[in-house]
Amino acid sequence: MRTSEKTSQDGRAPARPGLSGPAARKLPVPPRERKPALAALAVLLILGGALATTLLVMRSGDRVSAVQITQQVGAGQLIPQSAMREVQIADTGVDYVPWRFKEQVATTYAAVTLLPGTLLTQRMTATTTDQVGPGRAKVGLSLKAGQMPTDLKWSDIVQVIYVPAAGRGSGSAQQKVLATAARVESASSGRSGGGLVTIVVDTSIAPAIAQYASSGEIALVTLPGVK
């Protein structure tokens with residue numbers, strides 16, 4: 001008989017290796033369950049993050065070239081091209097003067113004092129020196145349909161006319177021209193045909209225009225061909 005087949009001294013057969021001890025008493029572990037829903041959610045989150053990153057990069061590229069003032073320009077002074085430089089800004093919809101119009105800007109005057117670092121807008125410029133400085137005033141008008149041209153725009157030259165309200169007093173009030181050539185500083189049209197208009201006039205006539213405008217007795221007439 002081989003040695004491996006001999007019984008132990010107490011008559012019991014030797015224990016087979018691997019069938020006793022703590023390892024033999026462990027419970028079987030069930031196979032790990034797959035969770036396809038969580039995996040799909042993870043993929044969606046990754047794709048969503050990538051899409052958001054792409055959109056942010058695309059939005060950061062929405063930039064435009066604008067005119068920035070590099071040295072102080074006093075009100076009424078010609079804006080020299082040497083006082084301008086090109087800067088890239090976010091396209092927020094504000095009417096900053098595009099850099100491609102730098103040559104046109106060099107033929108205009110500062111409507112207000114321009115400080116270094118200022119981003120130039122149309123309202124900061126004037127086409128003639130008579131728009132700014134001593135003796136000139138800006139008057140805001142709230143006009144109704146029929147009191148202003150529907151295509152009125154910035155830099156237009158208009159006559160400011162006093163139009164007496166119907167049935168006023170004894171009828172002695174007569175229509176008259178208050179300003180023969182007022183320049184439009186800004187104009188916005190409303191849905192009803194009227195709008196808000198700012199004009200530049202002599203300080204001597206500004207109070208009368210403001211008074212008549214408050215009672216709805218002002219009308220604007222454009223002068224085609226006059227700049």
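Follow the hydrophobic side-chain contacts under 4.5 Å out from Phe101 and you reach Ile79 in the same cluster. Val160 and Val177 are members of different hydrophobic clusters when ILVMFWY side chains are connected at heavy-atom separations under 4.5 Å. Cluster annotation: Leu196 is not connected to Leu143 through the hydrophobic network of ILVMFWY side chains, with a link wherever side-chain heavy atoms come within less than 4.5 Å. No single ILVMFWY cluster, assembled from side-chain heavy atoms under 4.5 Å apart, contains both Val158 and Val163.
The line from OG of Ser214 to CG of Leu141 is 10.5 Å long, rounded to the nearest 0.5 Å. In this structure, CG in Asp202 is found 8.5 Å from OG1 in Thr180, a value given to the nearest 0.5 Å. Here Gln72 contributes atom CD and Leu114 contributes atom CG; the two are 8.5 Å apart, rounded to the nearest 0.5 Å. Of the inter-residue distances, the one linking Met124 atom CE with Leu119 atom CG reads 8.0 Å to the nearest 0.5 angstrom. With values rounded to the nearest 0.5 angstrom, Leu120 atom CG is found 7.0 Å from Thr108 atom OG1. To the nearest 0.5 angstrom, Met148 atom CE is 10.0 Å from Asp156 atom CG.
Using a distance-only test at 3.5 Å, with no hydrogens or angles considered, a donor-acceptor pair links the side chain of Thr70 to the main chain of Ala83. Of the possible donor and acceptor atoms, none in the side chain of Gln175 sits under 3.5 Å from a partner among the backbone N and O of Ile161. At distances below 3.5 Å, not a single donor-acceptor pair connects side-chain atoms of Gln159 with backbone N or O atoms of Leu223.
Here Leu115 is tied to no hydrophobic group at all, with no ILVMFWY side chain closer than 4.5 Å.
The side chain to side chain donor-acceptor pair (under 3.5 Å) check on Arg85 picks up Gln68, with sequence neighbours excluded.
Between Gln147 and Gly216 the shortest heavy-atom distance is NE2-O, 3.1 Å. When every heavy atom of Ile218 is checked against every heavy atom of Ala213, the shortest pair comes out as CG1-N, 3.4 Å. Residues Pro149 and Leu220 share a closest heavy-atom pair of CD-O, 3.5 Å. The shortest heavy-atom contact between Arg100 and Gln104 is O-OE1, 4.1 Å. The two atoms that bring Val73 and Pro80 nearest to each other are CG2-CD, 4.2 Å, heavy atoms only. Contact between Ala165 and Glu217 at its shortest, heavy atoms only, is N-OE2, 2.8 Å.
The salt bridge (Lys or Arg N to Asp or Glu O under 4.0 Å) pairs that include a residue from residues 113-128 number zero, where partners must be two or more places apart or lie in different chains.
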Checklist entry - Stepwise, does the side chain to side chain contact (heavy atoms under 4.5 Å, CB included) test hold for Met84 with Ile69? => result CA-CA 5 Å; Met84 297 179 279; Ile69 300 300; 4.2 Å; yes
